Undergrad: 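Sending over a structure as structure tokens; questions will come in a sec.
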Amino acid sequence: MEKVDNLIPMAIFAQVVECLSFTDAAAALGISKSSVSRAISQLEETVGGRLLKRTTRRIEITELGIGYARYCASIVSELRASETFIKEYYQQPAGTLTLLAPVTFGTQHVVPALSQFLKNNIHARIDLDLSDKEIDIKESDYDLAIEVLQGTPAHEHAQFLCTIGWGLYATPDYLQRIGPINAPKDLPGRDYILFRGVARTVSLPFRREKQKFAINVESRFRSNNSIALITMALSGCGIAYLPTYAARASVGRGELVRILPGWTMDEYKIWLLAKEKNSVTSAIKRFCDELRQHVAAAEHQ
């Protein structure tokens with residue numbers, strides 16, 4: 001890094017430009033007027049030109065000084081922002097935070113992350129609502145909400161958390177009854193357990209290398225609750241289309257089997273929505289980091 005020793009004179013110059021006075025700049029910075037004068041002289045020597053025109057009555061900024069001041073002001077702004085970040089980072093959050101999260105994702109990922117968050121922030125309290133309902137956070141009583149979307153939310157205070165994949169799952173007994181499924185073309189005509197949508201027929205996407213197409217299937221059971229879908233799948237009533245995190249525990253216990261695991265299907269994004277911009281504090285950002293780490297660790301288990 002070049003000219004690091006210029007950073008302090010640049011900050012002093014920015015203060016002089018803001019105050020248009022050596023005396024006022026010195027008072028604002030808590031240094032002597034002579035220190036301000038030396039810093040400006042050092043900076044002018046470095047840049048090879050006059051930054052200020054000084055008279056006994058006033059200070060004028062030269063053309064070079066006007067252009068250079070923008071960069072100096074930017075450095076000061078970043079320094080102030082870094083100080084604010086450090087202050088917020090070590091400040092203990094207090095009060096109650098209300099959070100809405102989908103049932104299964106919330107149980108498997110949000111609750112463990114919140115547990116760690118509460119351990120690290122002893123004055124914080126969490127009011128968690130686990131529900132698959134859709135809300136407008138601006139009109140709700142929630143401070144934060146976790147939303148699952150394929151695209152980007154329209155809400156302006158949204159922070160990306162992670163991406164999740166989806167797949168088809170069924171019990172080994174069900175698959176034994178219906179016979180082998182070796183390719184997507186074998187899927188039509190089966191019983192399907194799907195998230196409730198506007199239609200009972202759903203077009204399931206499949207991608208592998210250069211192959212890309214969709215297969216239409218019809219639901220026999222629909223629900224807006226992932227726990228209900230998993231319960232129905234475990235009862236052997238059909239093939240469930242689920243996010244991988246929702247089925248992971250059942251697959252690990254051998255209760256469900258992933259169908260056509262070599263094919264990529266839908267991918268959704270997990271977003272954290274904040275009601276207001278100023279509610280996204282450093283503490284909340286740390287919670288988001290802990291949540292990302294928990295999701296990433298679970299994906300590699």
Side-chain angles (χ1 to χ4, degrees), residues 1-95 97 117 120-121 123-124 138 143-144 152-162 269 271-293 296:
M1 184 180 294
E2 298 181 358
K3 302 297 183 182
V4 176
D5 52 345
N6 286 335
L7 293 178
I8 292 177
M10 290 173 73
I12 292 173
F13 173 61
Q15 188 67 54
V16 171
V17 170
E18 183 177 331
C19 297
L20 288 178
S21 165
F22 277 35
T23 302
D24 293 346
L29 294 169
I31 60 177
S32 66
K33 183 178 176 181
S34 60
S35 296
V36 173
S37 181
R38 283 196 302 271
I40 299 302
S41 297
Q42 176 187 332
L43 203 57
E44 288 179 330
E45 183 178 346
T46 299
V47 301
R50 296 287 297 276
L51 298 172
L52 301 170
K53 292 180 181 178
R54 285 156 281 183
T55 68
T56 56
R57 306 179 67 176
R58 63 178 182 174
I59 292 176
E60 292 182 5
I61 309 171
T62 66
E63 182 179 354
L64 173 62
I66 291 172
Y68 193 60
R70 293 200 304 268
Y71 300 100
C72 298
S74 176
I75 289 174
V76 172
S77 177
E78 290 298 320
L79 286 171
R80 289 171 178 167
S82 68
E83 291 173 355
T84 300
F85 167 77
I86 294 299
K87 181 180 178 181
E88 290 180 351
Y89 187 88
Y90 287 106
Q91 184 177 5
Q92 283 285 340
L97 181 71
F117 177 78
N120 294 336
N121 301 280
H123 299 296
K138 288 184 177 180
D143 300 310
L144 299 168
T152 302
H155 185 61
E156 60 267 33
H157 308 313
Q159 184 176 354
F160 174 74
L161 291 176
C162 61
K269 295 178 175 63
W271 298 88
L272 179 70
L273 310 184
K275 178 173 288 188
E276 299 176 357
K277 183 178 181 180
N278 59 11
S279 65
V280 186
T281 63
S282 295
I284 297 305
K285 291 175 182 175
R286 292 204 301 274
F287 159 65
C288 294
D289 290 340
E290 290 168 2
L291 181 56
R292 285 194 195 93
Q293 292 170 13

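Just so we're clear, the structure is a prediction, and the values are computed from it rather than from any experiment. Start at 1 with the first residue, then count along the sequence. Values below: all heavy atoms of this structure, side chains included; hydrogens, waters and symmetry mates excluded.
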Undergrad: Looking at every non-hydrogen atom in both residues, tell me the closest pair between F22 and S37 and how far apart they are.
TA: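 Result for this residue pair: CE2-CA, 3.7 Å.
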
Undergrad: For a 4.5 angstrom cut-off between non-hydrogen side-chain atoms, does I66 reach V17?
TA: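 Of all side-chain heavy-atom pairs linking V17 with I66, none is under 4.5 Å.
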
Undergrad: So do V16 and I59 actually touch side chain to side chain, heavy atoms under 4.5 Å?
TA: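 Side chain of I59 against side chain of V16, heavy atoms only: contact under 4.5 Å found.
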
Undergrad: Looking only at non-hydrogen atoms, find the nearest pair between F13 and L43 and report the distance.
TA: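 Where F13 meets L43 most closely, the heavy atoms are CB-CD2, 3.6 Å.
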
Undergrad: Hey, could you give me the CD1/CD distance between I40 and E45, rounded to the nearest 0.5 Å?
TA: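 Going from CD1 on I40 over to CD on E45, the span is 13.5 Å.
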
Undergrad: So with a 6.0 Å cut-off around CD1 of I31, is the heavy-atom count from everything else above 12?
TA: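 Enclosed.
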
Undergrad: Could you give the distance from CG (L29) to OG (S35), rounded to the nearest 0.5 Å?
TA: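 The CG atom of L29 sits 10.0 Å away from the OG atom of S35.
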
Undergrad: Please check this pair: side chain of S77 against backbone of S74, looking for a donor-acceptor N/O pair closer than 3.5 Å.
TA: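 Looks like no, no N/O pair under 3.5 Å.
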
Undergrad: Is the shortest side-chain heavy-atom distance between R58 and L20 below 4.5 Å?
TA: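 Not touching, per the 4.5 Å side-chain cut-off.
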
Undergrad: Decide, yes or no, whether a salt bridge links E78 with R80 under the criterion of side-chain N to carboxylate O below 4.0 Å.
TA: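 The answer is no: the pair does not qualify as a salt bridge.
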
Undergrad: What heavy-atom pair brings E44 and L52 nearest, and what distance separates the two atoms?
TA: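 Heavy-atom minimum between the residues: OE2-N, 3.3 Å.
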
Undergrad: Considering non-hydrogen atoms only, spot the tightest contact between P9 and N6 and give its length.
TA: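 Reported closest heavy-atom pair: CD-O, 3.2 Å.
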
Undergrad: Side chains of W271 and L161: closer than 4.5 Å at any heavy-atom pair?
TA: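 Counting from C-beta outward, W271 and L161 never come under 4.5 Å.
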
Undergrad: For the residue pair H157 and L273, establish whether any side-chain heavy-atom pair is separated by less than 4.5 Å.
TA: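 Result no, sub-4.5 Å side-chain heavy-atom pair not found.
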
Undergrad: Looking at A28 and Q15, what are the two nearest heavy atoms and their distance?
TA: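 Looks like CB-NE2, 3.7 Å.
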
Undergrad: With rounding to the nearest 0.5 angstrom, report the CE to OG1 distance, M10 to T46.
TA: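 Reported to 0.5 Å precision, the distance equals 10.0 Å.
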
Undergrad: Counting neighbours of CZ on F160 that are heavy atoms of other residues, nucleotides or ligands and sit closer than 6.0 Å, is the number greater than 12?
TA: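 Result for CZ/F160: enclosed.
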
Undergrad: Test side chain to side chain contact (heavy atoms under 4.5 Å, CB included) on Y68 and L51 and set out the steps.
TA: CA-CA 8 Å; Y68 193 60; L51 298 172; 4.1 Å; yes

